[in-house]
Amino acid sequence: MTVLLDPPLWPRHGTVWGHLVSDTSLEELHAFAARAGLPRRAFDLDHYDVPTDRYEELVALGATVVGTRELVRRLRASGLRVTSRDRRA
């Protein structure tokens with residue numbers, strides 16, 4: 001099981017956000033998010049948006065912190081990445 005977490009870099013709604021993904025399956029990602037108490041509305045097709053104040057807790061639960069480029073590279077390699085073009089469709 002590998003759930004990845006990138007650094008919070010995206011300001012929005014009064015906080016800074018990062019992304020939580022799985023490089024194995026969406027089922028794994030949803031199970032991890034449920035254990036962490038993340039709301040399903042935080043899911044955006046291939047990742048969960050995560051506010052900075054949840055990072056320590058997610059790492060304690062077993063998320064692996066990686067850089068944003070590494071997160072995207074591994075998400076693409078897994079075949080789970082949803083592209084911008086697919087998001088618009």
Can you find a heavy atom in the side chain of [X] that is under 4.5 Å from one in the side chain of [Y]?
X: L80; Y: V21; result: no
X: L5; Y: T64; result: no
X: V3; Y: L20; result: yes
X: V66; Y: R74; result: yes
X: F32; Y: S22; result: no

Would you please test L61 and V59 for side chain to side chain contact (heavy atoms under 4.5 Å, CB included) and show each step? CA-CA 5 Å; L61 286 171; V59 171; over 6 Å; no
Following the transitive rule for hydrophobic clusters with a side-chain heavy-atom cut-off under 4.5 Å over Ile, Leu, Val, Met, Phe, Trp and Tyr, establish whether L9 and V72 coincide in one cluster. no
Rounded to the nearest 0.5 Å, how far apart are CG of D23 and CG of L29? 10.5 Å
Just how far is it from atom CD of E70 to atom CG of L75, taken to the nearest 0.5 Å? 11.5 Å
Residues passing the side chain to side chain donor-acceptor pair (under 3.5 Å) test with T68, sequence neighbours excluded, are D6
Listed partners of R76 passing side chain to side chain donor-acceptor pair (under 3.5 Å), at least two apart: none
Which pairs of donor and acceptor atoms, one on a side chain in residues 10-18, lie under 3.5 Å apart (sequence neighbours left out)?
from : atom 1 : to  : atom 2 : distance (Å)
W17  : NE1    : R12 : O      : 2.8

Using residues 38-47 as the side-chain source, report each donor-acceptor pair under 3.5 Å to any protein atom, sequence neighbours left out, with the distance given to one decimal.
from : atom 1 : to  : atom 2 : distance (Å)
R40  : NH2    : H30 : NE2    : 3.3
D44  : OD1    : R87 : NH1    : 3.0
D44  : OD2    : R87 : NH1    : 3.4
D46  : OD1    : R87 : NH2    : 2.9
D46  : OD2    : R81 : NH1    : 3.4
D46  : OD2    : V82 : N      : 2.8
H47  : ND1    : D44 : O      : 3.4
H47  : NE2    : D49 : OD1    : 3.0

Non-neighbouring partners of R54 that pass salt bridge (Lys or Arg N to Asp or Glu O under 4.0 Å), sequence neighbours left out: E57
